[in-house]
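Heads up: the structure comes next, in C-alpha cells.
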Amino acid sequence: MSAKTNIAELSALLEQSRAAIIDEWKRTVMDLVGHKYPGVLSMDELHRHADLKLAAFSAYFASCREGLVTVTKESPLGKMVYDLSSDHDTRGIKPVDTALYLVALKKAISHQLVCAFPDSQEQFVEFLELLHGLMDQLTILSFDAYATTREKVIAQQSQSLMELSTPVIVLWNNVLLLPLVGVIDTIRARQFTERMLEAITRHEGIVTIIDVTGVPVFDTGVARHIMKAVDAAQLLGSRVVMTGISPEGAQTLTKLGISFANVISRVSLRAGVAEALKLVGRRIESIAGAN
Amino acid sequence: MSVLHLSIRNESDISEAVRQSRAMAGRLGFSTTSAYYIATAASELAANLWIHAGGGMITLQRHGARGMELMTVDNGPGIADIDKALEEGFSTANGLGCGLPGVKRLMDELDIASYPGVRTEIKARKWL
Ligand SMILES: Nc1ncnc2c1ncn2[C@@H]1O[C@H](COP(=O)(O)OP(=O)(O)O)[C@@H](O)[C@H]1O
Ligand SMILES: [Mg+2]
C-alpha cells in the first residue's frame with residue numbers, strides 16, 4: 001500500500017473519530033493541566049481548539065502527496081501551533097503544559113486509532129508512524145515558538161532597560177549630569193556617548209559630570225569606553241568631571257595602570273557638582289539669615 | 001558551591017563572570033577590595049576570551065584552603081609571545097593593553113600557557 005493511500009485513510013479515520021478524539025483530549029487536558037489555571041482554560045475553548053486543530057490536520061494530510069511534508073511555521077498547521085504557544089505564553093500557561101497539550105492530543109488520536117482498528121496490523125503501524133512523525137514536528141515547532149516569544153520579550157526588555165539607563169540631566173545652564181548605571185558594554189557605551197554629545201551640543205554644555213557610582217566594576221574595557229567619551233566631549237568644548245569612583249575602583253584603576261587624563265575627579269557627586277558650578281562661575285550659598 | 005564553569009560566547013557573558021567571581025570571592029572570605037580585584041581580573045580574562053579567542057571557558061574555584069583561582073581555556077589563535085602580551089600597553093586588537101599586566105598585579109599568581117592555534121590556558125590565583 002502506498003504512503004498516499006495510508007495518509008488518505010488515516011485522514012478519513014481522523015475525520016470519522018473526530019468527536020471521540022476531541023472528547024478524550026479535552027478530558028485529559030482538563031485533568032492534567034486544567035486545575036493549574038482556574039478560569040484560564042475552559043472546556044468550550046478546548047473544544048474549539050481541538051476542532052480547529054483536527055480541521056488543520058485534515059487540510060494538512062490532503063496536501064501530502066508521497067509522504068509527510070515538513071510542517072513549516074508559515075504553513076497553516078505550523079502557524080496554529082505557533083500561535084497557540086505564544087498565546088499560552090502571554091496567558092501564563094507554562095511551556096510544559098503546552099507540551100502536555102500536544103502529547104495528550106497524540107495520545108487521544110492513537111487511542112482512537114486503536115479503537116477503530118484498521119484492516120491490518122501493518123497498516124496500523126504505518127498509521128502510528130505517520131501520526132508520530134507529524135506530532136513530533138508539531139512539538140518541536142511549539143518549542144521553537146516558545147523560545148522565539150521569550151527572545152522577543154528579552155530583546156524588548158533590554159531595549160527598555162537601555163532607554164531607562166542613560167538619562168541626561170541638565171543641572172544648571174551649561175552644566176550636564178549623566179549618571180552611568182549598570183554594566184557598560186559596547187552598545188551601552190556607544191549609546192551613552194551619543195546621548196552625551198547630543199546633550200552637550202543642544203545645551204551648550206560647558207561642564208559634563210559623569211557619575212559612575214552605579215558601575216559595578218571598572219575594567220580596562222569600561223575605562224576605554226569612558227576615555228573615548230571624554231575625548232569626544234572635550235572636542236566639543238566641554239570639561240568633564242567624574243564622580244563616584246569607589247575606593248576599590250580607584251585602587252583597581254591604579255593596579256590596571258589607568259589614569260584619566262584631563263578629567264577632574266571628585267569622590268562624591270556633591271563635590272563634583274560644586275566643582276562644576278565653580279567652572280561656570282557659580283556657587284551654592286546659604287540664604288542670609290537661614291541656617 | 002566552590003567550582004563554577006562559565007562559557008564565554010557573548011559580551012554579556014563577561015558580566016556574568018564578574019558577578020559570579022565577586023560573589024564567590026565574598027563567600028570565600030575575601031575583603032570587599034580583594035573581591036573587587038578578583039572580579040576585575042575575571043572581567044579582563046573573560047573579555048580577552050571574547051575579543052581575542054572567539055570565546056572560551058572560564059572556571060572560578062576555591063584554591064586550596066585559602067585561595068581562589070580563575071582559569072580560562074580557549075582554542076583560539078593563542079599568544080605567540082607571552083612576555084610581550086604581559087608588557088604594559090601591548091595590544092594586538094587596538095585595546096589599552098593593560099588587561100594582562102593588570103591581572104598580574106590584581107592577583108597574586110599568574111600562569112599563562114599557550115600552544116598557538118591549539119589551546120591557551122591562563123590561571124590567576126589570589127590568596128586570602
Ligand atoms: N585568550 C587569548 N587568546 C589570544 N590572545 C590573547 C588572549 N588573551 C590575551 N591575548 C593577547 O594578549 C594581548 C594583551 O592582552 P591585554 O593585556 O588584555 O590587552 P588588550 O585586551 O587590551 O589587547 C592581546 O592584545 C592579545 O594579543
Ligand atoms: Mg584585554
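Each chain gets a letter, A, B and so on, in the order the sequences are listed, and its residues count up from 1. Just so it is clear, the values below take in all heavy atoms, side chains as well, and ignore hydrogens, waters and symmetry mates.
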**Fill in**
Most contact-rich option vs chain A, by heavy-atom pairs under 4.5 angstrom, among Ile51(B), Asn94(B), Ile14(B), is Asn94(B)

**Request:** Under 4.5 Å, counting heavy-atom pairs only, tell me which of Val103(B), Leu106(B), Thr32(B) racks up the most with chain A.
**Result:** Leu106(B)

**Message:** Taking every non-hydrogen pair under 4.5 Å, which of Val217(A), Ile187(A), Val222(A) racks up the most with chain B?
**Reply:** Val217(A)

**Prompt:** Under a 4.0 Å N-O cut-off, is there an ion pair linking Arg188(A) with Glu11(B)?
**Reply:** no

**Message:** Any carboxylate oxygen within less than 4.0 angstrom of a Lys/Arg side-chain nitrogen, looking at Glu16(B) and Arg19(B)?
**Reply:** yes

**Message:** Check this for me: does any side-chain nitrogen of one of Asp108(B) and Arg125(B) sit under 4.0 Å from a carboxylate oxygen of the other?
**Reply:** no

**Prompt:** How are the rings of His88(A) and Tyr101(A) set to each other: parallel, tilted or perpendicular (split at 30° and 60°)?
**Reply:** perpendicular

**Prompt:** With a 4.5 angstrom heavy-atom cut-off, which part of Ser246(A) approaches chain B: side chain, backbone, both or neither?
**Reply:** side chain

